[in-house]
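Small disclaimer: the values here were computed from a predicted structure and weren't measured.
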Amino acid sequence: MPDYRRDHRLYNKFLPHIIKYLEPNTVIVDIGSNVGDTLAEMINSNTNFDFVCIEANDKIYEYLIKNIDVLNKQVKNLKVYKANEFVGEKLTNVSLLDYEGTSKVDINKRGKKQSKKLKLILDNLNVKKDISLIKIDTDGYDFDVINSFYDDFNSDPIIFFECFYENKDQLNGYLETFPKLLKKGYSYFSLFDNFGQYMMSTSNVDEIKELLFYIYNQYRKDSTRTFFYFDILVYNKKRYKQILK
């Protein structure tokens, strides 16, 4: 991370910044926690939250547990829930492919990973407090994660997800999700490039569609590569002033 940060100084900086303005004594959910690098960054910024870390990859989850143990020794009264689960709705019986320090869903190979809705996982963990932020990073299927909790939450939690796609099915999954979020009350979308640089904010789904096709055309090798994916912050009108800070 320090080496990557030297080249891209804004990488992974936004979430540790924005949680300073969220309601204390609430819950931050990290779906696709990997080894806990984002968790550590957020804790270094603000410890006035309970954290839920969910990681589906069994091998990576072992490292996550070890890192949470280290953080618990360093930070007093830290509350971190953890779960080795695959959050989703339609994707199930999948295999996870290890890939450059993370994992991806292998849709061509059936496996033992069963998808679970986020609410069920939180209920099993006995998480009772209000959720102020849901962060998602599942390498191509964040839209399926969002669909899995779409009916269970109102538009109050901020959602920050990685809009990464490599094929038409994944692209369509995201394109179908944005209008649903708008209908739910998430009326603002702020976009960042994958290096952490803020790009723009909009409430216009057609504008987002054009930007997503901009990246998709680069995957199809129709144009020169500029960056690789978007990180997108989704929030409602009530939280608009918080985000502006």
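One N or O on the side chain of Asn194 and one on the backbone of Phe228 form a donor-acceptor pair closer than 3.5 Å. No donor-acceptor distance shorter than 3.5 angstrom exists from the side chain of Ser190 to the backbone of Leu233, with no hydrogens or angles considered. In terms of modelled atom types and a separation under 3.5 Å, the side chain of Thr138 and the main chain of Gly32 share no donor-acceptor contact. One N or O on the side chain of Asp144 and one on the backbone of Lys90 form a donor-acceptor pair closer than 3.5 Å. The closest donor-acceptor contact from the side chain of Tyr186 to the backbone of Ile158 lies at 3.5 Å or more, if one exists at all.
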> Which is it for Phe213 and Leu175 under the side-chain contact (heavy atoms from CB on, under 4.5 Å) test, yes or no, and what are the steps along the way?
Replying inline: CA-CA 10 Å; Phe213 271 104; Leu175 293 176; 4.0 Å; yes
> Stepwise, does the side-chain contact (heavy atoms from CB on, under 4.5 Å) test hold for Leu212 with Tyr165?
Replying inline: CA-CA 9 Å; Leu212 265 59; Tyr165 43 94; 3.5 Å; yes
>> For Leu120 and Leu122: C-alpha separation, side-chain torsions, deciding distance, then whether side-chain contact (heavy atoms from CB on, under 4.5 Å) applies.
In response: CA-CA 5 Å; Leu120 177 59; Leu122 296 177; over 6 Å; no
> side-chain contact (heavy atoms from CB on, under 4.5 Å) between Met200 and Phe189: does it pass, once the steps are laid out?
Replying inline: CA-CA 8 Å; Met200 63 172 291; Phe189 306 88; over 6 Å; no
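With sequence neighbours excluded, no residue forms a salt bridge (charged side-chain N to carboxylate O under 4.0 Å, His left out) with Lys128. In this view, Phe143 and Tyr141, Tyr174 satisfy the ring pair (Phe, Tyr, Trp, His ring centres under 6.0 Å) rule, not counting sequence neighbours. Residues that satisfy the ring pair (Phe, Tyr, Trp, His ring centres under 6.0 Å) test with Phe153, not counting sequence neighbours, are Phe149. Phe164 pairs by the ring pair (Phe, Tyr, Trp, His ring centres under 6.0 Å) definition with Tyr229, not counting sequence neighbours. In this structure, Lys79 has no salt bridge (charged side-chain N to carboxylate O under 4.0 Å, His left out) partners at least two apart in sequence or on a different chain. With sequence neighbours excluded, the residues satisfying salt bridge (charged side-chain N to carboxylate O under 4.0 Å, His left out) with Asp58 are Lys113. Tyr235 is linked by a ring pair (Phe, Tyr, Trp, His ring centres under 6.0 Å) to Tyr188, counting only residues two or more places apart in sequence or in another chain. Lys116 pairs by the salt bridge (charged side-chain N to carboxylate O under 4.0 Å, His left out) definition with Glu85, not counting sequence neighbours.
Between Phe14 and the options Tyr21, Phe192, Tyr198, a ring pair (Phe, Tyr, Trp, His ring centres under 6.0 Å) holds for only Phe192.
Note that CG of Leu171 and CZ of Arg220 are 10.0 Å apart. Values are rounded to the nearest 0.5 Å. Interatomic distance, Ile232 CD1 to Ser201 OG, rounded to the nearest 0.5 Å: 11.0 Å. The line from OG1 of Thr202 to CG of Leu191 is 8.0 Å long, rounded to the nearest 0.5 Å. Going from atom CG of Asp137 over to atom OG1 of Thr38 covers 7.0 Å, rounded to the nearest 0.5 Å. Here the CG-CD1 distance, from Leu118 to Ile136, works out to 8.5 Å after rounding to the nearest 0.5 Å.
Under a 4.0 Å N-O distance rule, the pair Lys135/Asp30 qualifies as a salt bridge.
By the 30° and 60° cut-offs, the orientation of the rings of Phe227 relative to Tyr214 is tilted.
Under the salt bridge (charged side-chain N to carboxylate O under 4.0 Å, His left out) criterion, the residue pairs touching residues 145-160 are Asp156-Lys238, Asp156-Arg239, with sequence neighbours excluded. Counting only residues at least two apart or on different chains, the salt bridge (charged side-chain N to carboxylate O under 4.0 Å, His left out) pairs with a member in residues 59-75 are Lys59-Asp98. For residues 192-214, the set of pairs meeting the salt bridge (charged side-chain N to carboxylate O under 4.0 Å, His left out) definition, not counting sequence neighbours, is empty.
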Indicate every side-chain donor-acceptor pair of residues 42-54 with a distance under 3.5 Å to a residue at least two apart or in another chain.
| residue | atom | partner | partner atom | Å |
| --- | --- | --- | --- | --- |
| Asn44 | ND2 | Ala40 | O | 3.2 |
| Ser45 | OG | Pro16 | O | 2.4 |
| Asn46 | OD1 | Asn48 | N | 2.8 |
| Asn46 | OD1 | Asn48 | ND2 | 3.2 |
| Asp50 | OD2 | Lys129 | NZ | 3.1 |

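For the residue pair Gln218 and Thr226, a side-chain donor N or O sits within less than 3.5 Å of a side-chain acceptor on the partner.
Contact annotation: the side chain of Tyr150 approaches that of Lys180 to within less than 4.5 Å [non-hydrogen atoms, C-beta and beyond]. Ile134 is not listed as a side-chain neighbour of Phe160, based on a closest heavy-atom distance of 4.5 Å or more.
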